[in-house]
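To start, the structure itself, in structure tokens.
Protein chains get the first letters and strands the later ones, always in sequence-line order, with residue 1 at the start of each.
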Amino acid sequence: MSEATATIEKLSDEEKQVIRPPLVLNKRTMGWISSYISSIVEDKTPTWWWVSMGITVPLTLLCLACLAYLIATGVGVWGNNHPVGWAWDITNFVFWIGIGHAGTLISAILFLTRQRWRTSINRAAEAMTLFAVVCAGIYPALHVGRVWMAWFLAPVPNANGIWQNFRSPLLWDVFAVSTYFTVSVLFWYTGLIPDLATIRDRCTSKIKKFAYGVMALGWRGGNRQWRHYEKAYLILAGLSTPLVLSVHSVVSFDFATSVIPGWHTTIFPPYFVAGAIFGGFAMVLTIMIPACAIYKPLHDLVTINHVDKMCKIILLTGSIVGYAYLMELFIAWYSGNPFERAAFWYRAFGPYWWAYAAMMFCNVIAPQMFWFKFFRTNLLWVWIIVQFPNMGMWFERFVIIATTLTRDFTPSAWGMFHPSWVDVCTFLGTFGLFTTLFLLFIRFLPMICMFEVKAVLPEADPHHGEAHH
Amino acid sequence: MNSIGDKSAPVFGVAAEFSCARDLYHAAEKIRDAGFRRWDVFSPFPIHGMDEAMGMRRSLLGKIVFIGGLSGFLMAVVLQFGPSSVLYPLVVAGKPTNLFTVPAFFPIMFEMTILFSAFTAVFGMLIMNGLPRLNHALFNWDRFKKVTEDKFFVAIESGDPKFSERAVRDLLESLGGTNITTIHGD
């Protein structure tokens, strides 16, 4: 440390600005990284974990009970009805799928742009992606009504001799979301292989050795393996980058390709993607800040610098979303289309004005706090502020979906939406499902990508300690 | 002499331990220059520039994935035009069912290309790495467990044309390797 400080002191101010803060604090070694991260998986199950599961598992069961009730009774147990045929179900679908996008952004886009700080958060963020997509998938699957007919979404020959309409954005959505889930699983698992090998090599009990041994697929860490591995990882990152942008674009096509005023806009794809990243980063921080508070040494890996950077991304994407809201309003006026104007007038001043106001406040105004370094670097404040995007993004989807449908062209077809208790309980239940899956992940899998964090340590450089030339 | 595994089984190779990435990198350069072919270096993380140090070319995986992606794209073309234009032409809003409908088919073509490419990348990588496998001669060596933690290893296999246990041991020792061990297979 003293040697390094002495070198830095000799530099001029301009040169000092070029030196970046270390990605891993307190000079942690490779051995420490392995043993600390693995110890989270290896140690006795902590009490807080059982307490948390005691809350989230009943919520998960509540979700499953509501779904069973819906399947047994019919989709009418939800509040959807004419004219609001898409309501909380599609709102929640878009909400959850959007949350997943931050995970892929961190794992793929930040990888391609060589943002090496991503290494300590990508594993947990990717896990979050998968669990969010699981929660998202529930809604359209159940919304089809007769769930046992959901296989009609797949283009397979059937006895009726009918085929899907491949020009429908709803079918594009089936392909986009299922591809997204599959590729996310592949990406996540590929990243896990070397770390599962670490746990395999450390664990002592026979059952664990067998389980992690099978999951690690016999990984040995030879360079003849790493070179294909790194290539595969790079390719997966390259594939996931356009994929994640396409998924929320396709989701937005569900609305944009219709002729409903308020939906039929070309701004939707970029606006949805920015919103998804915005809401997703908020969720990453929502779950990572408590996780690091429980496992305090993780602050050496997920540093305040990481939080600061994520807050900046939230500020950027939140401002893009704010711009999109204002542009929508401007175009509604500028288009001169009376229906378009009316749609936005009703959004802002109609019976759902409170949802629109909540959306505007949570997504556009609240994140502006992140202009100040104090709010970006104080963990408690960060956690409080990111709850606004979490809520705001739900309200955004509710505003777009439900309030648009309550009033379309003919006033005789207007009507309000009222959620039923099944709507509320299913939505609460998906939070239980999401958290339960995340708790299981923390307990059984290494939540930080150990091998990638080791690779960003200074001593991982094969020319470390040699003279620069 | 230090050896591991079933002594009556054939020798898999000779392995040595190194303490840091830099030493491993320079050892790899020397082994490459000595003209060995069947050998490998093992590390807890991928080491930048190790491919050149070992004298290996770029991984072929990229080209294989291109073929995978292409087959996904063609699959989507057949999957969409087959039913929509031939088996079950469905006229929606007066839109054509022939080639002119292709813009509406782009999203699924894109998704299928990505899906097939991703599968090819992962399974291609596993096949090229000889995975999954349940066991390996190197796992007989207890010290090798540290390869996934913070130690670095070199193993020169007995299948190499230049392999001789004595000479390889001397080479690894001269490169600064420690705990030089002969590994027997099962």
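- Put simply, of B:Leu134, B:Ile108, B:Asp150, the one with the most heavy-atom pairs under 4.5 Å next to chain A is B:Ile108.
- When heavy atoms are compared at a cutoff of 4.5 Å, A:Trp163 approaches chain B by way of both its backbone and its side chain.
- At a threshold of 4.5 Å between non-hydrogen side-chain atoms, the residues A:Met30 and B:Glu149 do not count as touching.
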List, one per line, each side-chain donor-acceptor pair under 3.5 Å for residues 69-76 of chain B, sequence neighbours excluded.
unit_1  : atom_1 : unit_2  : atom_2 : d
B:Ser71 : OG     : B:Ile67 : O      : 3.3
B:Ser71 : OG     : B:Gly68 : O      : 2.7

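- Heavy atoms of A:Leu236 lying under 4.5 Å from chain B belong exclusively to its side chain.
- With a 4.5 angstrom heavy-atom cutoff, B:Leu126 touches chain A only via side-chain atoms.
- Only the side chain of B:Leu138 comes within less than 4.5 Å of a heavy atom of chain A; its backbone N, CA, C and O stay farther away.
- The two residues B:Phe42 and A:Arg220 have their closest heavy-atom pair at CD2-O, 3.5 Å.
- No other option in A:Ile33, A:Ile162, A:Val183 has as many heavy-atom pairs under 4.5 Å with chain B as A:Ile162.
- With a 4.5 Å cut-off on non-hydrogen atoms, B:Val147 touches chain A through its side chain but not through its backbone.
- Contact annotation for B:Met54: only side-chain heavy atoms (C-beta onward) come within less than 4.5 Å of a heavy atom of chain A.
- B:Ser59 contributes no side-chain N or O that, together with a main-chain N or O of A:Lys231, makes up a donor-acceptor pair within less than 3.5 Å.
- Listed for the A:Trp219 side chain is no donor-acceptor partner under 3.5 Å among the backbone atoms of B:Pro132.
- Between the side chains of A:Ser246 and B:Glu111, at least one donor N or O sits under 3.5 Å from an acceptor N or O.
- Shortest non-hydrogen contact noted between A:Leu217 and B:Leu131 is O-CD2, 3.2 Å.
- For B:Lys7, the NZ atom counts as densely surrounded, since its 6.0 Å shell holds more than 12 non-hydrogen atoms of other residues, nucleotides or ligands.
- Around the CZ atom of B:Arg133, the shell of radius 6.0 Å holds more than 12 heavy atoms that belong to other residues, nucleotides or ligands.
- Judged purely by atom type and a 3.5 angstrom limit, B:Asp40 uses its side chain to pair as donor or acceptor with the backbone of A:Asn223.
- Residue with the most contacts toward chain B among A:Gly218, A:Ser34, A:Gly222: A:Gly222 (heavy-atom pairs, distance under 4.5 Å).
- Across all their heavy atoms, B:Ala21 and A:Ala460 have their closest contact at CB-O, 3.8 Å.
- A:Gln225 contributes atom CD, which lies 12.0 Å from atom CE of B:Met128 (distance to the nearest 0.5 angstrom).
- Note on A:Val174, A:Ile235, A:Thr190, A:Ile193: by heavy-atom pairs under 4.5 Å with chain B, the leading option is A:Ile235.
- Chosen from B:Thr101, B:Val65, B:Ile47, B:Leu79, the residue pairing most often with chain A at heavy-atom distances under 4.5 Å is B:Leu79.
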- Task: Tell me, with the steps shown, if A:Thr182 and B:Leu115 meet side-chain contact (heavy atoms from CB on, under 4.5 Å).
- Result: CA-CA 8 Å; A:Thr182 314; B:Leu115 184 67; 3.8 Å; yes

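- For B:Pro107, the part lying under 4.5 angstrom from a heavy atom of chain A is the side chain only.
- Proximity to chain A is limited to the side chain of B:Tyr25, based on heavy atoms less than 4.5 angstrom apart.
- Counting heavy atoms of neighbouring residues, nucleotides and ligands inside a 6.0 Å radius, atom NZ of B:Lys30 does not exceed 12 of them.
- Here the CD atom belonging to A:Glu459 is positioned 9.0 Å from the SG atom belonging to B:Cys20, to the nearest 0.5 angstrom.
- For A:Glu42, the CD atom is densely surrounded, since the number of other residues' heavy atoms within 6.0 Å is greater than 12.
- With a 4.5 angstrom heavy-atom cutoff, B:Phe106 does not touch chain A via any of its atoms.
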- Message: side-chain contact (heavy atoms from CB on, under 4.5 Å), that's the test. Do A:Tyr229 and B:Met125 meet it? Break it down for me.
- Response: CA-CA 6 Å; A:Tyr229 179 90; B:Met125 180 270 286; 3.9 Å; yes

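- Most heavy-atom pairs under 4.5 Å with chain A: of the set B:Gly49, B:Gly124, B:Ala121, B:Ala118, this distinction falls to B:Ala118.
- Both the backbone and the side chain of B:Val92 come within less than 4.5 Å of a heavy atom of chain A.
- If you take CZ on B:Phe139 and CZ on A:Arg200, they are separated by 4.0 Å, rounding to the nearest 0.5 Å.
- Rounding to the nearest 0.5 Å places CZ of A:Phe175 at 11.5 Å from CE of B:Met109.
- Taking the side chain as every heavy atom from C-beta outward, A:Arg167 and B:Lys95 approach each other to under 4.5 Å.
- For the atom pair CE (B:Met56) and CZ (A:Arg224), the distance works out to 5.5 Å, reported to the nearest 0.5 Å.
- Heavy atoms only, all atoms of each residue included: A:Phe166 and B:Ser84 are closest at CD1-OG, 3.3 Å.
- Annotation: the span from B:Thr113 atom OG1 to A:Leu243 atom CG amounts to 11.0 Å, rounded to 0.5 Å.
- Residue-environment remark: NE2 (B:His48) stays at or below the threshold of 12 foreign heavy atoms within 6.0 Å.
- If you measure heavy-atom distances from A:Pro157 to chain B, you find no contacts under 4.5 Å at all.
- The nearest pair of heavy atoms linking B:Phe45 to A:Phe451 is CB-O, 3.4 Å.
- Other residues, nucleotides and ligands contribute at most 12 non-hydrogen atoms within 6.0 Å of the CZ atom of A:Phe210.
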